Amino acid sequence: MTWTVPEKPALEGLEQRWIERWEAEGTYRFSGDRPRAEVYSIDTPPPTASGSLHVGHIFSYTHTDTIARYQRMIGKDVFYPMGWDDNGLPTERRVENYYGVTCDPTVPYDPAFTPPAEPAKKRQDFVAISRRNFIELCHGLTAEDERVFEQLFRLVGLSVDWTHQYTTVGERTQRVSQRAFLRNLARGEAYSQEAPSLWDTTFQTAVAQAELEDRERPAAYHDIAFPRSDGEGAVVISTTRPELLVSCVALVAHPDDERYQALFDTTVRTPVFGVEVPIKAHGLAQPDKGTGIAMICTFGDTTDVTWWRELDLPTRAVIGKDGRFAFEPPAWLETDTAREAYARFAGKASGGAQQVMVELLRETGALQGEPEKITHPVKFYERGEKPLEIVTTRQWYIRNGGRSAALRDALVARGQEVVWHPEYMRHRYENWVEGLNGDWLISRQRFFGVPVPLWYRLDENGVPDHDDPLVPDDASLPIDPQSHVPPGYDEAQRDQPGGFTGDPDVFDTWATSSLTPLLACGWEEDEDLFARTYPMDLRPQGHDIIRTWLFSTMVRSHFETDSPPWRNAALSGWILDPDRKKMSKSKGNVVVPLDLLQQHGSDAVRYWAANGRPGTDTAFDTGQMKIGRRLAIKILNASRFALNLGPAPEGATPAEALDRSVLVALADLVDEATRAFDGYDYARALQRTEELFWGFCDDYLELVKTRAYGEDPDDAAAASARATLALALSTLLRLFAPILPYATEEVWSWWQEGSVHRAPWPRADELRAAAETGDRAVLDAAATILGEIRKAKSDAKVSMRADVEAVVVRGPAAFIAAAAQAEQDIVDAGRLRGIAWEEADEVAVEVRLADPPAS
RNA sequence: GGGCGCAUAGCUCAGUCGGCUAGAGCGCUGCCUUCACACGGCAGAGGUCACAGGUUCGAGUCCUGUUGCGCCCACCA
């Protein structure tokens, strides 16, 4: 092939040109005809399609891409699909705010509905629309977002096979999600239960343990006296939630607490309401907290739930799904006084109710002293704005080891079958599994999501039978129980006594995204693909979602395929702003990725990303991008220079000692880069390649320049130089290709057939064979001497082109022997008249510059 | 309370099996308008490797402890 080297190579425009070529030529297409051992499959994280991509995405997706490109070059058929997470609450919220609408399932479908031209600013002015209209808006908006994301990912240079895409609400996904759930149900791994669970009153849905976070909130200890039923004084408890007094079912102290031992199993009466409650003993009560005795309410926190369950206490729940106290006075209030007291805060949320309750306690004299203000951590849904309440509802769960030591151990063992990058991230996983305190709550009381594919029989009174749900045929999936009818029933029987009712809930987003390996690999739909790709090779993801995405995927694969979902898990770090704070929208320190890519170029941004070691938090640093840009330009220019010297004659091989020396150095580099990539350490591979490359440019290219210019076609020394340059350049381009796909592909196209990204990864043994008797020491010694000559010129403040009168090189015999093999190259590069060699213990180079020409 | 990570030049970070006279890049200073590259090149200055012990012929590296920063988990009347 003829070499076509541009006059003035530049980075500008490379992205557009190569994005089109790669697409047209199917460069990154998964062929799907190779056995599992020759496939490398990646469980790409589906980005949340609502909102926008940020620098963190560029960072971590680039890491994965470097691995994908490396695997492709070592000969793997790389399966690199892309998913879009358009499921769940973030999408609902975005659609609500974008269009100014809310979903109201009671509103009928309007086929002609169009969203308001100007969305309302305030929530209460939003237009209420039907569930179906709402879902249509969700699909429309996410499809738009996904196109924008794809463009950006292509620009970054992700070598994704864009013919393999999935969404987490697509029809196929719904089918897979429902089928997997029904299998869990059939095997007894999924169950429903009416139980107290954490409840977000804003979103009006149950939430799972994995979605909680603590936030510091102001509160106050209120000391409240409970008169003893025997009339012998009162027991004082301390609480931050006095408004829950009406829900009090018992008091509790530690069994060893001498202050209260005599009172166990006696009773007290709640102040204000006069409800008789027992005093119980339980090990979870802490003698050093407050007065050492607590009131148990149904339900103030998760400890209440534990006490309630383990002490077998009654339920006296008053807070509804909207977070407000029920309007009707509870049945257990027996006196008019109690009911009148209750009426004063009925219908209020907990904050308002607390104020009233404190007044009531003051009026009755039950409040001891003044409330003591504190701040303490309170559980929130991670997306929520109000503290979680605990509400008793029927929910679906999948077993996850939270209530079974055997399952917990099995899941820890699964984690040990996975190689973690970095290794210490395994602890996060094990920590989480071992700390679980309940099964995984998968049902959500939301609209846009995968419906729970079940119906329930209604008895003659219209009460549903939750213990024996009606299950759809596998062939009918996906179904929506709100519009589909269970086998053997017809629509007229919906919600009629003796008929059926559809489960109203949808699955939690993790219940579906825990299936991404099954989804991407064509589980139960494409046996051939599945056999070639599953279990997958790599799950890349952020370490913040180990407890959710990683863990839940492990659970599903454990049950469904009796194997871990992947062989490797690579956890990426955070992007910190230059002040070492995590970048986030709320802090206003977010940078728009598209601007970055356009300003610095994709290779430069990738260079920055690839310098972030696996799992390590990395500072956002445009300085690194500038260095990356400089490197990419250097690759273009150095390649142009090397190639412009022209191809070596047919059959020429590296024969000169200096040339063979550089090949040995490259062979060592290939060994190191290969080892690094095999260990998922793209950062080390880049660093070492870059280091050698700059030395290659500064020293080897300078040393070999004059010789390589040789005009005589039979000049063996020139032929050796050109043959070496070609081999070295080809090696370096391939080593850089996973990190800098654009610049390397551009240079490759000047003189090679095909894509560098389909070229074989360089082999150290081939380089060593070409180097024959080569010795690294030759280049090292020559570079040392050249450096000393440059230093002398720099000190003398003369041009590097200045002639040198005389050079004496002193050093050990081995050093001189090595350097002398490149004598002519040193003489040419340094513009010397000649070199005198003297043996000595230490290396020293004496340089006498020529007198400057009289000017 | 349990677990994990980090601490090396002004800044961002390498330093793999203990051999180091501790490196790179940025920044800073000086020089070179060199025919691949001024979106460049060459060179220079800059360090008590957080602290205290220990192991060793030898410790930035291994062990013990301390301090500081960060993260995960648990608790949270």
Side-chain angles (χ1 to χ4, degrees), chain A residues 5 8-12 214 216 219 221-224 237-242 244 251-253 284-286 288-297 300-304 374 376-379 422-437 543-544 546-547 573-574 576 578 580 582 601 604 608 611-613 615-619 621 623-624 626-627 629-645 672 675-676 679 681 683-684 687-688 690-691 694 697-698 701-702 705 709 786-787 789-802 831:
Chain A
V5 183
K8 184 98 181 128
L11 295 178
E12 281 67 29
D214 286 348
E216 282 291 330
Y221 280 119
H222 300 73
D223 289 350
I224 300 173
I237 61 102
S238 196
T239 179
T240 54
R241 298 201 63 185
L244 290 175
L251 302 190
V252 65
L284 271 182
Q286 297 184 24
D288 56 340
K289 280 264 172 78
T291 57
I293 186 161
M295 69 169 177
I296 303 174
C297 304
D301 61 30
T302 51
T303 319
D304 280 342
I374 55 153
H376 70 160
V378 178
K379 283 196 194 312
E423 221 289 319
Y424 60 76
M425 290 294 181
R426 175 198 310 282
H427 297 289
R428 301 257 182 113
Y429 172 79
E430 292 181 353
N431 233 322
W432 173 253
V433 178
E434 283 159 5
L436 286 166
N437 53 31
H543 59 62
D544 53 327
I546 290 175
R547 66 180 185 169
W574 296 112
L576 308 173
R580 311 296 300 167
K582 187 188 159 194
W608 159 74
N611 265 297
R613 310 194 87 78
T616 309
D617 293 348
T618 300
D621 186 357
Q624 283 296 315
K626 292 189 176 123
I627 298 163
R629 184 176 175 82
R630 200 180 60 156
L631 174 63
I633 292 170
K634 189 79 174 180
I635 289 172
L636 296 182
N637 283 316
S639 301
R640 173 185 169 230
F641 172 63
L643 295 175
N644 272 339
L645 295 168
E672 196 167 12
R675 217 178 309 126
D681 195 346
R684 172 182 299 277
Q687 211 166 56
R688 292 309 150 96
E690 188 186 7
E691 195 179 326
W694 285 105
C697 292
D698 295 346
L701 281 184
E702 292 299 328
K705 209 180 234 185
Y709 271 129
L786 188 60
I789 293 166
R790 284 184 189 129
K791 182 163 151 47
K793 290 179 180 178
S794 189
D795 289 347
K797 303 188 175 181
V798 298
S799 157
M800 290 297 143
R801 296 178 68 190
R831 293 172 183 264

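Nothing here was measured: the structure is a model prediction, and the numbers come from that model. In what follows, every chain begins at residue 1, and chains take the letters A, B, ... in the order their sequences are listed.
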Q | Straight-line distance of E672(A) CD to R684(A) CZ, nearest 0.5 Å | A | 6.5 Å
Q: State which residues pass side-chain hydrogen bond (donor to acceptor under 3.5 Å, both in side chains) with T302(A); sequence neighbours excluded, sorted by chain then number.
A: none
Q: Determine the interatomic distance between P on rC20(B) and the same-named atom on rG2(B); round to the nearest Å.
A: 40 Å
Q: Using the C1' atom on both, measure rG46(B) against rC28(B) and round to a whole Å.
A: 9 Å
Q: Would you mind reading off the distance between D681(A) atom CG and rC13(B) atom C1', rounded to a whole angstrom?
A: 13 Å
Q: Please state the P separation for the pair rC62(B) and rC4(B) - nearest whole angstrom.
A: 16 Å
Q: Starting at the 5' end of nucleotides 3-10 of chain B, put B wherever the base has a protein heavy atom under 4.0 Å, S where only the sugar-phosphate does, and a dash everywhere else.
A: SSS-----
Q | Spacing of the P atoms in rG27(B) and rC39(B) (rounded, Å) | A | 14 Å
Q: Output all residues satisfying side-chain hydrogen bond (donor to acceptor under 3.5 Å, both in side chains) with D223(A), sequence neighbours left out; order by chain, then residue number.
A: S238(A)
(Q) So T239(A) and L244(A), do their side chains get closer than 4.5 Å, heavy atoms only? (A) no
**Q.** Sequence-distant partners of A792(A), side-chain contact (heavy atoms from CB on, under 4.5 Å), two or more places apart
**A.** V847(A)
Q | Rounded interatomic separation in angstrom, taking CH2 from W574(A) and P from rC69(B) | A | 21 Å
(Q) I'd like to check the side-chain contact (heavy atoms from CB on, under 4.5 Å) partners of L786(A); sequence neighbours left out, ordered by chain and number. (A) D699(A), E702(A), L703(A), R790(A), A829(A)
Q. What distance separates D301(A) CG from T240(A) OG1, expressed to the nearest 0.5 Å?
A. 8.0 Å
Q: Please name all residues satisfying salt bridge (Lys or Arg N to Asp or Glu O under 4.0 Å) with D698(A), sequence neighbours left out, ordered by chain then number.
A: none
Q: Rounded to whole angstrom, note down the C1' distance from rG41(B) over to rG5(B).
A: 40 Å
**Q.** Spacing of the P atoms in rU8(B) and rA52(B) (rounded, Å)
**A.** 16 Å
Q) Between D544(A) (CG) and rG70(B) (P), how many Å, whole number? A) 18 Å
Q) Which value, in whole Å, describes the distance between the C1' atoms of nucleotides rA7(B) and rC49(B)? A) 10 Å
Q) With sugar-phosphate meaning primed atoms plus P, OP1 and OP2, does R426(A) contact a base, only sugar-phosphate, or nothing at under 4.0 Å between heavy atoms? A) nothing
Give me, pair by pair, the N or O atoms of the protein and of nucleotides 74-77 of chain B that are less than 3.5 Å apart, along with how far apart they are.
| from | atom 1 | to | atom 2 | distance (Å) |
| --- | --- | --- | --- | --- |
| rA74(B) | OP1 | Q209(A) | NE2 | 3.1 |
| rC75(B) | N4 | D214(A) | OD2 | 2.9 |
| rC76(B) | OP1 | T303(A) | OG1 | 2.7 |
| rC76(B) | OP2 | T303(A) | OG1 | 2.9 |
| rC76(B) | O2 | P377(A) | O | 3.4 |
| rC76(B) | N4 | D214(A) | OD1 | 3.2 |
| rC76(B) | N4 | D214(A) | OD2 | 3.2 |
| rC76(B) | N4 | K379(A) | NZ | 2.8 |
| rA77(B) | OP1 | D301(A) | OD2 | 2.2 |
| rA77(B) | O3' | T240(A) | N | 3.4 |
| rA77(B) | O2' | S238(A) | O | 2.2 |
| rA77(B) | N6 | L284(A) | O | 3.4 |
| rA77(B) | N6 | Q286(A) | N | 2.4 |
| rA77(B) | N1 | Q286(A) | N | 3.3 |
| rA77(B) | N1 | Q286(A) | O | 3.4 |

(Q) For the P atoms, the ones on rA59(B) and on rC51(B), what distance do you get once it is rounded to whole angstrom? (A) 15 Å
Q | Any donor-acceptor N/O pair, S639(A) side chain to I635(A) backbone, under 3.5 Å | A | yes
**Q.** Intra- and inter-strand pairs of RNA chain B in dot-bracket (Watson-Crick or G-U wobble, both distances under 3.5 Å; | for another strand)
**A.** (((((((..((((.....[...)))).(((((.......))))).....(((((..]....))))))))))))....
(Q) Please enumerate all residues that pass side-chain contact (heavy atoms from CB on, under 4.5 Å) together with E691(A), with sequence neighbours excluded. (A) R688(A)
**Q.** Any residue meeting side-chain contact (heavy atoms from CB on, under 4.5 Å) with A10(A), in chain and number order, not counting sequence neighbours
**A.** E12(A)
Q: Sequence neighbours left out, what passes side-chain hydrogen bond (donor to acceptor under 3.5 Å, both in side chains) with R613(A)? Give chain and number order.
A: D681(A)
Q) Atom CG of L645(A) to atom C1' of rA36(B): distance rounded to whole Å? A) 9 Å
**Q.** Sugar-phosphate only, base, or nothing, as touched by E702(A) at under 4.0 Å among non-hydrogen atoms
**A.** base
Extract from the structure each pairing of a protein N or O with an N or O of nucleotides 40-45 of chain B at less than 3.5 Å, listing the distance.
| from | atom 1 | to | atom 2 | distance (Å) |
| --- | --- | --- | --- | --- |
| rG41(B) | OP1 | K634(A) | NZ | 3.4 |
| rC42(B) | OP1 | D698(A) | OD1 | 2.7 |
| rC42(B) | OP1 | D698(A) | OD2 | 2.7 |

Q: With K289(A) as the cation and Y221(A) as the aromatic partner, state whether NZ or CZ is under 6.0 Å from the six-membered ring centre and within 45° of the axis.
A: no
Q. Looking across every strand, which nucleic acid part, if any, lies under 4.0 Å from E691(A) by heavy atom: base, sugar-phosphate, or nothing?
A. nothing
